[in-house]
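None of these values were measured; they are calculated from a predicted model.
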Amino acid sequence: MPIAVVVWRRYLELIWWLPRSEGDGASAGLVARRPFPLKVALRNLAPLPLGVASLRIFASRCVKPAGTPPRLSLPARSEVQGELTLQAMQAGAWFLHGAAVRIQDPLGLFAVEAYFPSTTPLRVLPRHEGRGALPALRIAAGASDERLGSHSLRHRGQGGELRELRDYVPGDPFKLIAWKASARAPLGRLLVRELDRETLLLHTLILDCGTSMREGPPGGWKLDHALSLALSYGRATLDGGDRLALCAFDHGT
């Protein structure tokens, strides 16, 4: 047993990594409640075999194993690889802290266990449902090419397009009086031009991140469902060519 402990501490190395996926970074494609693989490599630098190894993962409380950890045999001066299947229960920034590697001889007469720190960050995106359909409104002809967005809204206000002619109300600017139309109006009524002002459609999502949204087991928070809805709506908005704004708030701030 003492010889096994000495060999264990000097000659065993643990390495793990996330397989490269599409996007920026190895963990760019992680989605809540979707299992993902974690590659593991154990290097035995000793001149004698070390038996059979099994792993126990230490991670954030939202990251759980989704399968049985592999058991790896460690021949002398060799490297063996295996794969773990993990699952993040909710979106967020989580970490893999390390693993406890337990080695026992083939007969099960002795076993040793040691902790190997290996911090790995995980960026987990929220789940999203089907994308919703947005109204098929387009910008009117003649709009500036520099304006971003595909949908527009029309408001009453100072603009360049005539909406209607209405009776003069005390307080209306004199420059809006339609003098030619007023001259043709019966009984000398003053008519005022009502103009239209066109603005681009901006979708604003307001997300509550307060403590009342963080109750329940991991993956079952109200905040998880709100993030999924916000992601689905945001994808539909950006695919439609519109602008999107997000405002998150907490009751304590």
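- Hydrophobic cluster membership is shared by F116 and V40, with clusters built from Ile, Leu, Val, Met, Phe, Trp and Tyr side chains linked at under 4.5 angstrom.
- Between P47 and R77, the closest side-chain pair of non-hydrogen atoms falls below 4.5 Å.
- Annotation: side chain of L191 is in contact with side chain of D167 (closest heavy-atom distance under 4.5 Å).
- Side-chain contact between R214 and C209 is present, with at least one heavy-atom pair separated by less than 4.5 Å.
- Residues V101 and V80 are members of one and the same hydrophobic cluster, defined by side-chain heavy-atom contacts under 4.5 angstrom among Ile, Leu, Val, Met, Phe, Trp and Tyr.
- Within the model, atoms CE of M89 and CH2 of W94 stand 11.5 Å from one another, a figure rounded to the nearest 0.5 Å.
- The shortest heavy-atom contact between A99 and L14 is CB-CD2, 3.9 Å.
- Closest approach of R33 to G220, counting heavy atoms only: NH2-N, 3.9 Å.
- Both I103 and L72 belong to a common hydrophobic cluster when Ile, Leu, Val, Met, Phe, Trp and Tyr are linked at side-chain heavy-atom distances under 4.5 angstrom.
- Taken from CD in Q90 to OG in S228, the straight-line distance is 11.0 Å, to the nearest 0.5 Å.
- The nearest pair of heavy atoms linking F58 to A100 is CE1-CB, 3.6 Å.
- Considering every non-hydrogen atom in both V124 and A32, the closest pair reads CG1-N, 3.4 Å.
- A chain of hydrophobic side-chain contacts below 4.5 Å, direct or via other Ile, Leu, Val, Met, Phe, Trp or Tyr residues, connects L55 to L12.
- Across L86, L18, L38, a single residue satisfies side-chain contact (heavy atoms from CB on, under 4.5 Å) together with L122, and that is L18.
- Residues that satisfy the side-chain contact (heavy atoms from CB on, under 4.5 Å) test with L246, not counting sequence neighbours, are L205, L207.
- Pairing each heavy atom of L244 with each of L238, the nearest pair is CB-CD2, 4.1 Å.
- In this structure, CZ on R43 lies 13.0 Å from CG on L74, to the nearest 0.5 angstrom.
- Going from atom CG of D208 over to atom CG of L223 covers 8.0 Å, rounded to the nearest 0.5 Å.
- Distance alone, capped at 3.5 Å, is enough to place a donor-acceptor pair between the S60 side chain and the F95 backbone.
- Counting only heavy atoms from C-beta outward, the side chains of P126 and D224 never approach each other to under 4.5 Å.
- Of the inter-residue distances, the one linking L50 atom CG with S78 atom OG reads 8.5 Å to the nearest 0.5 angstrom.
- Atom-to-atom distance recorded for L84:CG and I57:CD1 is 5.0 Å, nearest 0.5 angstrom.
- The shortest side-chain heavy-atom distance between K222 and M213 falls under the 4.5 Å cut-off.
- A continuous path of Ile, Leu, Val, Met, Phe, Trp and Tyr side chains, each step under 4.5 Å between heavy atoms, connects Y233 with L227, placing both in one hydrophobic cluster.
- Residues P19 and P37 approach most closely at CD-O, 3.4 Å, considering heavy atoms.
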